[in-house]
Amino acid sequence: MKSPTILTMDAVNAKTAWVGTKEGARDVILSYTDDGGVHWATHQLNAPWPVVQAQVNVTTNSADGSFGSVLLSGPVGMQTGPQALWTISQGHVSSAPVYTTAHGAFAAVAWISSTRAWAISDGASSPALMDSTNGGASWSPVALPLPNWVPPKAMNNPRPQLHASLEAFQSPTFVDGVGYLSTTVNVPYIGAQNIVKYHHYAVLYKTTRGASWTPIWTCANASVVSLDWITSQNGWDIVAKGHQVQLDHTATGGHTWQDVSAVPSTIHPLSVKFFGQTGWIVSQSTQANTLSLWLSHNNGKQWQVVHE
């Protein structure tokens with residue numbers, strides 16, 4: 001019997017995890033364990049279209065227990081496609097999708113309570129941060145303020161249609177009620193020979209329980225590859241600065257960052273995760289469509305491949 005294809009997985013602690021596997025073109029089996037994988041309960045999700053991608057996002061707090069969602073996506077055309085969102089609560093999945101759309105573009109969903117969530121929409125228009133206050137049943141765009149040093153219009157810009165814009169959103173992350181969101185600000189200007197050029201800045205936004213998002217840190221000519229937060233003050237990031245990829249650390253809630261080490265050129269990072277002094281990087285191979293796993297035991301100063 002052919003093994004099912006794993007589409008997605010997430011865990012909230014050492015014992016509680018969710019795994020989504022594909023069972024036919026339109027069916028996904030969502031399996032749940034709360035005893036470290038000894039026993040599993042299953043839920044079958046049926047989509048009215050072929051399932052291309054799935055994403056499960058689960059978190060936990062003292063008031064709601066474990067909660068989150070599973071998002072199924074169909075074939076994409078012109079950067080959007082059908083999507084359906086089921087909610088998860090205390091090991092149970094909603095009997096039907098709470099949200100469906102024929103032209104969805106959600107790329108990531110993050111939950112802070114069983115009713116409040118944010119999602120990154122990466123459709124045909126500019127990327128946007130979306131907010132739901134009713135358990136994912138409806139979504140509204142969030143207007144993120146530009147850093148106060150960014151002019152509303154382009155610098156040295158005689159063309160009024162050119163504006164500074166936010167691009168390349170990373171998935172929002174919440175820890176201890178504090179949320180972080182990284183993005184890139186493109187600031188256009190008119191260069192030599194009247195050619196439009198852009199300054200690019202990595203920007204980190206912060207919120208306390210979603211009240212408002214405030215830019216707290218910027219870095220010129222850079223983009224954030226991955227963020228990982230151990231506490232609301234203690235975090236790690238991987239930042240691409242030109243041709244250099246750098247591992248940084250903050251102990252100030254993202255307001256200031258210290259360079260830790262240059263990521264070796266043999267590593268092409270997709271994500272980073274730390275547990276104490278032990279760090280993990282998932283890397284993309286440049287020669288083949290494969291992934292490798294790298295490990296550090298000394299706060300990211302040296303890395304060794306452990307699986308490829």
Kindly list each side-chain donor-acceptor pair under 3.5 angstrom involving residues 218-230, sequence neighbours excluded, with atom names and distances?
unit_1: Ser226; atom_1: OG; unit_2: Val272; atom_2: N; d: 3.1
unit_1: Asp228; atom_1: OD1; unit_2: Lys273; atom_2: NZ; d: 3.2
unit_1: Asp228; atom_1: OD2; unit_2: Phe274; atom_2: N; d: 2.8

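In terms of modelled atom types and a separation under 3.5 Å, the side chain of Tyr180 and the main chain of Ser232 share a donor-acceptor contact. In this structure, Asn186 contributes its side chain and Tyr198 its backbone to no donor-acceptor pair below 3.5 Å. The main-chain N or O of His297 is never found under 3.5 Å from a side-chain atom of Thr278 such that the two would form a donor-acceptor pair. No side-chain donor-acceptor contact under 3.5 Å links Gln55 to the backbone of Thr8. A donor-acceptor pair under 3.5 Å is absent between the side-chain atoms of Arg26 and the main chain of Ala47, judged by distance alone. Checked by atom type and distance alone, the side chain of Tyr205 pairs as donor or acceptor with a backbone atom of Pro145 at under 3.5 Å. With hydrogens and angles disregarded, no donor-acceptor distance shorter than 3.5 Å links the side chain of Thr100 to the backbone of Ala84. Under a 3.5 Å cut-off, the side chain of Lys22 and the backbone N or O of Val51 do form a donor-acceptor pair. Checking side-chain atoms of Ser94 against main-chain N and O of Thr87 turns up a donor-acceptor pair under 3.5 Å. The closest donor-acceptor contact from the side chain of Gln246 to the backbone of Ser261 lies under 3.5 Å.
Counting heavy atoms from C-beta outward, Lys206 and Thr214 have side chains that stay 4.5 Å or more apart. Contact check for Thr16 versus Tyr32: side-chain heavy atoms found under the 4.5 Å cut-off. Side chains of Gln304 and Leu295 form a contact here, defined as non-hydrogen atoms less than 4.5 Å apart. Looking at heavy atoms from C-beta onward, Thr207 lies out of side-chain contact with Leu181 at the 4.5 angstrom threshold. Within the 4.5 Å cutoff, no side-chain heavy atoms of Val263 are placed close to those of Trp303. Side-chain contact check for Ser66 versus Ile88: every heavy-atom pair is 4.5 Å or farther apart. Looking at Thr250 and His255, their side chains never come closer than 4.5 Å, going by heavy atoms from C-beta outward. Residues Phe169 and Leu144 are in side-chain contact: their nearest non-hydrogen atoms beyond the backbone lie under 4.5 Å apart.
Ring pair Trp118/Trp213 is perpendicular by interplanar angle, where above 60° counts as perpendicular and below 30° as parallel.
Counting all heavy atoms, side chain and backbone alike, Trp294 lies closest to Ser292 at NE1-OG, 3.0 Å. Closest approach of Pro75 to Pro82, counting heavy atoms only: O-CD, 3.3 Å. The nearest pair of heavy atoms linking Trp217 to Gly254 is CB-O, 3.3 Å. Closest of all the heavy-atom pairs between Pro269 and Ile281 is CB-CG2, 3.8 Å. Contact detail for Val196 and Pro188: the closest heavy-atom pair is CG1-CB, 4.3 Å. Shown here for Arg116 and Ser113, the closest heavy-atom pair between the two residues is N-OG, 3.1 Å.
Using a 3.5 Å distance cut-off with no hydrogens or angles, the side chains of His249 and Asn234 do pair a donor with an acceptor. Side-chain polar atoms of Asp35 and Thr33 form a donor-acceptor pair below 3.5 angstrom. Neither side chain, Asn57 nor Thr59, offers a donor N or O lying under 3.5 Å from an acceptor on the other. A donor-acceptor pair shorter than 3.5 Å cannot be found between the side chains of Trp40 and Thr42.
Follow the hydrophobic side-chain contacts under 4.5 Å out from Val142 and you reach Phe174 in the same cluster. Both Leu45 and Trp49 belong to a single network of hydrophobic side chains, linked directly or stepwise wherever heavy atoms of I, L, V, M, F, W or Y lie under 4.5 Å apart. Grouping the Ile, Leu, Val, Met, Phe, Trp and Tyr side chains by contacts below 4.5 angstrom, directly or via other members, places Val239 apart from Val203. Both Leu293 and Phe275 are assigned to one and the same hydrophobic cluster, defined by single-linkage of ILVMFWY side chains at heavy-atom distances under 4.5 Å. The hydrophobic cluster containing Val109 also contains Val98, counting ILVMFWY residues as joined when their side-chain heavy atoms lie under 4.5 angstrom apart, directly or transitively.
The distance from the OG1 atom of Thr21 to the CD1 atom of Ile6 is 7.5 Å, given to the nearest 0.5 Å. For the atom pair CG (Leu166) and CG (Leu129), the distance works out to 10.0 Å, reported to the nearest 0.5 Å. Considering OG of Ser132 and CH2 of Trp111, their distance stands at 6.0 Å, rounded to 0.5 Å. Rounding to the nearest 0.5 Å gives a distance of 8.0 Å between OG1 of Thr183 and CD1 of Ile120. Interatomic distance, Ile216 CD1 to Leu204 CG, rounded to the nearest 0.5 Å: 4.5 Å. Distance check, rounded to the nearest 0.5 Å: CD of Gln277 to CG of Asn299 gives 4.5 Å.
With sequence neighbours left out, Gln53 forms a side chain to side chain contact (heavy atoms under 4.5 Å, CB included) with Ser73.
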Passes side chain to side chain contact (heavy atoms under 4.5 Å, CB included), Leu72 versus Trp86? Steps please.
CA-CA 9 Å; Leu72 302 187; Trp86 285 258; 3.5 Å; yes
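For the pairing with Asp248, the side chain to side chain contact (heavy atoms under 4.5 Å, CB included) check across Thr256, Val260, Asp259 returns one residue only, Asp259.
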